[in-house]
Amino acid sequence: MLNIKNLREDFENIKIALEKRGYEINQKFFEELDMERKTLQIEVENLQSERNKFSAHFGELKSSRKDTSDLKKTIDKINAELDKKSIKLNTTLENINNFLLDIPNIPDDSVPYGKDEKDNIVVETFGKVFSKNTKDHLEITNKIDTETASKISGSRFSVLKGDMAKLQRALISFMIDKAIQNGYQEYYVPFMANTDSLTGTGQLPKFKDDLFQTAENLYLIPTAEVPLTNIYRGELIDEDILPLKLTSHTPCFRSEAGSYGKDTKGLIRQHQFEKIELVQITNPADSMNCLNSLLKHACEILDDLKLPYQVIELCSGDLGFSSCKTFDIEVWMPSQKKYREISSCSNFSDFQARRSNIKYKFKNGKDFVHTINGSGLAVGRTLIAILENYYEGGSTMKLPKCLESYFGSDTLKL
RNA sequence: GGAGAGUUGGCUGAGUGGUCGAAAGCGCCUCCCUGCUAAGGAGGUAACUGGGUAACUGGUUCGAGGGUUCGAAUCCCUCACUCUCCGCCA
């Protein structure tokens, strides 16, 4: 959520910044709404002030046993007027709030201009493509079973058997241990979150269709970012303990509405997938440094796995709703002969903090923190990348060295 | 599932209809004192928000939402959450 003060004082610049990401903000609508708010608010508050004064006087009359009937009539009139105006004011305030909740974050000045994903910039490429494999993961192993999953649940689910299930578990442990080594505190969190939490991190109200709702006020989490960030919702944090670094492994649930026909085969795009999430809660002055460090932490995992990847910076037009700057990490997928997203690391500046009311306390004041998060990494896609990049034909294959101790063997049965 | 107790500022916690945005303590800030440290003394210190260049001034907020009342932290109703005891249970 943007600061409404900035909208009042600096609308032009915000408008220009939002245009870079393709968002048209309706200036006339906002200014009329805010003007209406101002008029109504002054009227309501004046009436309240009058009522407060008369009520105090009423008390005085009562205690000296004087007649209050005239005064009561006056107050009744004020209250009747107040009721009418308050309703109007509340409607206006709600309209303003809905308007604000719909506005995406402002891109950082450093974000390259662009219209869509075609304008994203490759920052750096790491590792050489070494695989000659052309088979996709479903062809490489029969232990990833999407047909059985569709019997159990439907499309976009999977059943992993034997070494595939074990490899996934090994990857999770490996990634969590990496995060802990990099100073992140491990958490186990709820896999369902309420409306307030999801509004805080920006999924609601705008992206309700992307979520699975389980009850009136409960949704399956689309990422551990939601529970991890909301640990601090409504909290005031001592500046000394920043940056906070949190991690958790959770399943993630996404309805993938609007992606019909995209990546329909295999593990790439599922309703349920495993992910390790890295979250940092920081001092605003530090947040870009923290984004870089978090990006590095995610990259290290691919370095260790010796998988070829590239880091790309999202252009203004491709930024996610809540983000002011995002780097995606894309891993080489031999069967598709292209790099595919395996992590997305973003700085949300004070956007989530403002929605979630997360502040930090420094010597002479308080202010909203900045939040940063990214995957470290998406487990299913990592598993595919390992299969496809390391496969050399045959019914077994060698695993990357760093996984041996987690997997308990250097060879995977396919 | 049953019974009971609770939810108040950064924290602990008092407050049962107007003088309460709220005692006290802790913490924090400023100043004083002491060679330094420790201790001590004086004062200040809730949040959000409107108007105003400003000095200043108005409003809202005591878990959330309704209600009663001229007036609600305080009375009534609904909901959420927390705790205790009983039952059940991985």
Side-chain angles (χ1 to χ4, degrees), chain A residues 1-10 30-101 188-200 204-205 213-219 227 230-242 244 281 283 350 352-369:
Chain A
M1 183 145 58
L2 304 186
N3 187 347
I4 191 166
K5 273 187 193 156
N6 296 342
L7 279 174
R8 287 187 190 128
E9 287 159 15
D10 195 20
F30 174 73
E31 280 172 357
E32 283 177 3
L33 211 53
D34 197 44
M35 187 50 78
E36 188 179 298
R37 185 224 97 237
K38 188 164 166 175
T39 311
L40 283 167
Q41 187 166 348
I42 291 170
E43 285 175 347
V44 164
E45 289 181 2
N46 284 341
L47 286 167
Q48 284 171 328
S49 172
E50 268 185 71
R51 192 211 37 209
N52 290 346
K53 276 185 208 129
F54 282 128
S55 282
H57 188 47
F58 190 101
E60 284 165 27
L61 289 184
K62 270 285 188 198
S63 62
S64 55
R65 305 205 177 148
K66 289 184 183 145
D67 179 51
T68 53
S69 55
D70 282 353
L71 187 53
K72 178 157 163 37
K73 273 183 210 157
T74 311
I75 297 175
D76 283 347
K77 234 162 82 185
I78 292 172
N79 275 338
E81 181 74 6
L82 188 56
D83 279 351
K84 270 196 291 183
K85 298 273 184 189
S86 304
I87 290 170
K88 276 196 196 167
L89 176 62
N90 285 338
T91 310
T92 306
L93 288 175
E94 201 172 311
N95 288 340
I96 289 176
N97 195 42
N98 290 340
F99 178 79
L100 290 178
L101 283 175
Y188 172 81
V189 293
F191 301 160
M192 295 190 213
N194 60 27
T195 309
D196 285 348
S197 294
L198 286 152
T199 306
L204 289 178
Q213 187 167 14
T214 64
E216 170 67 24
N217 187 28
L218 213 51
Y219 300 79
N230 276 284
I231 287 172
Y232 287 96
R233 174 155 52 88
E235 300 287 327
L236 184 63
I237 305 167
D238 269 332
E239 185 182 33
D240 313 342
I241 62 169
L242 298 179
L244 291 165
I281 294 176
N283 192 311
D350 64 357
Q352 293 181 326
R354 195 178 293 283
R355 286 173 163 242
S356 310
N357 190 27
I358 306 174
K359 292 186 173 176
Y360 73 106
K361 185 167 62 174
F362 48 93
K363 191 162 156 114
N364 286 313
K366 302 169 189 180
D367 199 3
F368 292 108
V369 297

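Every chain is numbered from 1 and lettered A, B, ... according to where its sequence line falls, protein lines coming before strand lines.
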Rounded P spacing from B:C88 to B:C76 in Å
35 Å

Given B:U60, is OP1 or OP2 found less than 4.0 Å from the side-chain N or O atoms of A:N52?
yes

By nearest heavy atom, map A:S49 and A:I4 onto RNA chain B; which one lands nearer the 5' end?
A:I4

Which is true for A:D238 with a 4.0 Å heavy-atom rule: it touches a base, it touches only sugar-phosphate, or it touches nothing?
nothing

Once you apply a heavy-atom cut-off of 4.0 Å, does A:K77 come out as touching a base, just sugar-phosphate, or nothing?
nothing

Listed once per pair and sorted, the ring pair (Phe, Tyr, Trp, His ring centres under 6.0 Å) pairs that draw on residues 72-99 of chain A, sequence neighbours left out:
A:F29-A:F99, A:F30-A:F99

For B:C48, take OP1 and OP2 only and decide whether either is under 4.0 Å from a side-chain N or O of A:K359.
yes

For the P atoms, the ones on B:G66 and on B:U74, what distance do you get once it is rounded to whole angstrom?
14 Å

Expressed in angstrom and rounded to an integer, what is the separation of A:L93 atom CG from B:U60 atom C1'?
11 Å

Charged N to carboxylate O under 4.0 angstrom, A:R8 versus A:D34?
yes

If we call it a pair only when both distances are under 3.5 Å in a Watson-Crick or G-U wobble match, what pairs with B:U53?
none

Any A:R8 side-chain N or O less than 4.0 Å from OP1/OP2 of B:G50
yes

Applying a 3.5 Å limit to both distances, which nucleotide forms a Watson-Crick or G-U wobble pair with B:G63?
B:C79

Among B:U49, B:G59, B:A47, which is the nearest nucleotide to the side chain of A:Q41?
B:U49

P atom, B:C31 versus B:U82: distance in rounded Å?
45 Å

pair_partner(B:G21), Watson-Crick or wobble, both distances < 3.5 Å, evaluates to none

Return the nucleotide paired to B:U84: Watson-Crick means purine N1 to pyrimidine N3 with N6-O4 or O6-N4, wobble means G-U with N1-O2 and O6-N3, both under 3.5 Å.
B:A3

What nitrogen or oxygen pairs link the protein and nucleotides 68-71 of chain B at under 3.5 Å?
| residue | atom | partner | partner atom | Å |
| --- | --- | --- | --- | --- |
| B:C70 | OP1 | A:K72 | NZ | 3.1 |
| B:C70 | O2' | A:S55 | OG | 3.0 |

Want to settle it: does A:I42 or A:K361 sit nearer the 5' end of RNA chain B, counting the closest nucleotide to each?
A:K361

Work out how far the P atom of B:G52 is from that of B:A47, and round it to whole angstrom.
23 Å

Say you pick atom P in B:C11 and the same atom in B:G18; how far apart are they, in whole Å?
27 Å

P atoms of B:U12 and B:U68, separation to the nearest Å:
34 Å

Checking only heavy atoms, does the side chain of A:Q48 share a donor-acceptor pair with the base of B:G59 at less than 3.5 Å?
no

